[in-house]
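Worksheet for the structure shown next.
Please read all numbers here as calculations on a predicted model, not as lab measurements. Residue numbers begin at 1 in each chain, while the letters A, B, ... track the order of the sequences.
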Amino acid sequence: MQQNLFYAAKNKNTICPQPHRATTHGRCAHSIIRLAVCKKNGGDFLLRIEDTDQNRFVPGAEQYIIDALHWCGITIDEGVSVGGTHAPYRQSERKEVYRSYAMQLVASGNAYYAFDTAEQLEQQRKNAEEKKETFSYGSATRMSLNNSLALTVEEVKELISKNVPYVIRLKVQENETITFTDLIRGEVSFDSNLVDDKVLLKSDGMPTYHLAHIVDDYLMEITHAIRGEEWLPSAPAHILIYRYLGLTAQMPHYAHLPLLLKPDGKGKLSKRDGDRLGFPVFPLEWKDPTTGEVSSGYRENGYYPEAFVNMLAMLGWNPGTEQEIFNMNELIAAFSIDHVHKAGARFDPEKTKWYNTQWMLRQSDEDIAKRIKPMVASLTGITTDDVRLSDSFLTACVALLKPRVQFEKEMPEKGLYLFIEPTEYDQTVISKKWKPEFKDFFKMLSDEFTASNEWNSQIAEQTFKAAAEKNNLKPGEVLQLFRVFVSGQAQGVDLFPMIQLLGKNQVLKRLESALKLV
RNA sequence: GGCCCGUUCGUCUAGGGGUUAGGACAUCUCCCUUUCACGGAGGAAACACGAGUUCGAUUCUCGUACGGGCUACCA
């Protein structure tokens with residue numbers, strides 16, 4: 001799943017562009033921000049696949065990201081799944097484009113060939129580590145390494161003619177202060193002596209992210225490069241590449257978004273945290289094709305995409321008002337990058353549930369009824385021609401159940417007694433409340449119910465109270481028993497509305513069965 | 001270690017030189033409900049620390065501490 005996927009947004013008016021990128025889990029949050037920035041500026045949202053690391057190719061990951069974005073309600077205007085004028089959108093299919101830019105940098109003296117093997121560099125790092133130093137391939141060390149700056153022209157030619165593998169590295173000028181403006185953090189500056197000579201083109205001919213994203217952002221007319229904070233340290237190198245390419249004027253605005261942190265402990269939220277702490281980190285369930293490992297998804301756990309998006313958006317961003325429920329359009333309308341927080345946000349699974357409940361409350365009973373119908377059918381074995389599976393019955397059940405659950409998928413199980421007769425009765429209530437003399441009351445109640453011509457919750461309640469009075473009972477003494485006799489449970493939906501919904505015959509039947517057992 | 005970024009209730013956050021420092025989640029109490037929830041009311045709960053600037057700093061500056069990120073031919 002570590003496939004690198006890139007979203008970008010561009011503004012077709014060529015004025016204020018913007019790119020965006022994201023992966024799959026909590027980084028959906030970044031995509032939402034990207035989309036908001038993009039749409040707020042009237043731009044197009046672009047999906048680019050950054051698959052330059054061939055070792056990390058994961059089958060299915062590309063389709064997964066498209067599906068996940070779709071589920072979130074993010075529409076892609078241009079890119080790998082929909083095409084566009086800047087195709088191809090997979091970086092692996094654009095290899096030659098990057099090479100030409102790398103060569104341009106070599107020609108202008110801003111990049112060079114390096115022949116050092118992975119082993120040699122590893123050794124350098126080890127040596128440095130022993131001296132408690134950090135090896136950095138840069139201005140301080142490049143002249144003592146195996147590259148076209150340190151070698152003679154002849155040596156370089158020979159190595160190349162012998163097909164010795166090489167990479168192309170950026171030649172960072174020394175003694176400079178590199179400053180740029182981050183849309184979220186303001187002015188940020190770095191000492192160029194501390195920026196390493198990043199690999200631009202790998203020995204397999206593929207570009208690194210550093211080169212590829214710049215070339216593509218430029219070619220695809222990206223106006224805003226919005227990415228996670230983990231990219232901030234390499235931003236100076238990116239600024240330099242634009243400069244050396246003579247594209248400073250075309251450089252997009254950069255913004256580095258805060259990271260999502262683990263709910264407990266420390267560090268950035270990772271895939272493992274989800275299963276460890278019992279909440280999903282993936283929008284959709286993901287099965288790793290190589291390990292077969294399955295990671296749960298928000299969708300499969302019963303979350304609404306609106307709730308997922310809403311929750312993510314509110315992590316690190318705020319509208320500046322006290323509104324907290326937003327759909328995507330409202331989000332875009334209210335969005336301002338000024339209200340993006342700088343610090344990382346600790347992810348809170350509890351609040352996510354709350355968002356889901358809020359969105360559930362906003363669903364119509366009819367819609368929920370339609371969705372839970374298959375679950376009710378399989379749970380109860382009731383067939384579709386039964387009234388209990390009718391839209392009207394189900395809708396009434398939903399209305400009763402709705403304030404009592406956080407997820408609509410809890411309804412069938414939690415409201416099982418609405419569909420099938422109880423087989424067990426809450427013994428705590430019975431042993432605590434039941435007295436043999438109550439039998440007369442329930443007998444009378446049955447008779448009065450039988451005799452009544454009309455059936456609704458008010459009448460049932462009046463009948464109940466009247467019967468209690470005639471037996472010199474307070475309603476409270478027998479009410480809880482009545483509930484248990486009808487539903488089997490000590491707690492549940494509003495009693496008399498339930499009585500109305502169940503219908504006279506069903507209530508009488510349940511009462512009779514229960515009375516036989518006490 | 002070095003570099004960069006950050007730091008307001010337990011958590012997500014608003015605010016910004018003079019405020020009773022506001023909201024939300026969670027938590028507690030009460031009300032509603034003769035159940036459980038929902039809902040309503042209320043409580044407890046925060047400006048990391050130290051200097052400086054200032055009449056006055058939570059807010060500006062600098063340090064310190066703490067947290068995070070990066071330090072790959074990964075993104």
Considering only atom [atom1], compute the distance from [N] to [M] and round it to an integer number of Å.
N      : M      : atom1 : result
B:rG6  : B:rA48 : C1'   : 13 Å
B:rC28 : B:rU61 : P     : 41 Å
B:rC49 : B:rU8  : P     : 12 Å
B:rU7  : B:rU13 : C1'   : 13 Å
B:rC25 : B:rC60 : P     : 29 Å
B:rG18 : B:rU58 : P     : 11 Å
B:rU20 : B:rA37 : C1'   : 34 Å
B:rC47 : B:rC4  : C1'   : 25 Å

Kindly confirm or rule out a cation-pi arrangement of A:R510 over A:F485, judged by NZ or CZ under 6.0 Å from the six-membered ring centre and within 45° of its axis?
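No - A:R510 does not lie over the ring of A:F485 by the 6.0 Å and 45° rule.
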Does the separation of the ring centres of [X] and [Y] fall below 6.0 angstrom?
X      : Y      : result
A:W434 : A:Y425 : no
A:Y209 : A:W231 : yes
A:F279 : A:Y298 : no

To the nearest Å, how far apart are [X] [atom1] and [N] [atom2]?
X      : N      : atom1 : atom2 : answer
A:E324 : B:rC25 : CD    : C1'   : 9 Å
A:K262 : B:rG68 : NZ    : P     : 10 Å
A:N356 : B:rA26 : CG    : P     : 13 Å
A:Y209 : B:rC70 : OH    : P     : 13 Å
A:K268 : B:rG68 : NZ    : P     : 13 Å

Taking for A:F347 and for A:H210 the nucleotide of RNA chain B with the nearest heavy atom, the one nearer the 5' end belongs to A:F347
Which residue lies more 5' along RNA chain B, comparing A:R483 with A:A114 via nearest heavy atoms
A:R483
Watson-Crick/G-U partner (both atom distances under 3.5 Å) of [N]:
N      : value
B:rU7  : B:rA65
B:rA45 : none
B:rC70 : B:rG2
B:rG39 : B:rC31

Short N/O separations, protein against nucleotides 2-10 of chain B, under 3.5 angstrom:
| from | atom 1 | to | atom 2 | distance (Å) |
| --- | --- | --- | --- | --- |
| B:rC5 | O2' | A:R185 | NH1 | 2.4 |
| B:rC5 | O2' | A:E229 | OE2 | 3.0 |

Kindly state each residue pair satisfying salt bridge (charged side-chain N to carboxylate O under 4.0 Å, His left out) with at least one member in residues 178-194 of chain A, sequence neighbours excluded.
A:R185-A:E229
Donor-acceptor pair between A:D116 and A:Y166 side chains, under 3.5 angstrom
no
Pairing donors with acceptors under 3.5 angstrom, does anything connect the side chains of A:Y304 and A:E408?
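The criterion, which ignores hydrogens and geometry beyond distance, is satisfied for A:E408 and A:Y304.
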Taking the side chain as C-beta and beyond, is there a heavy-atom pair between [X] and [Y] under 4.5 Å?
X      : Y      : answer
A:I222 : A:R48  : yes
A:I49  : A:Y89  : no
A:L219 : A:V215 : yes

Please say whether more than 12 non-hydrogen atoms of neighbouring residues, nucleotides or ligands are located less than 6.0 Å from CD in A:E469.
no
Please tell me which of the listed nucleotides, [options], lies nearest to the side chain of [X]?
X      : options                : result
A:L479 : B:rC73, B:rU34, B:rA75 : B:rU34
A:L315 : B:rG23, B:rC38, B:rC12 : B:rC12
A:R404 : B:rU13, B:rU34, B:rA37 : B:rA37
A:R125 : B:rC36, B:rG69, B:rA72 : B:rA72

Any donor-acceptor pair under 3.5 Å between the side chain of A:K351 and the base of B:rA26?
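No.
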Listing time: all N or O pairs from protein to nucleotides 39-49 of chain B that are below 3.5 Å?
none

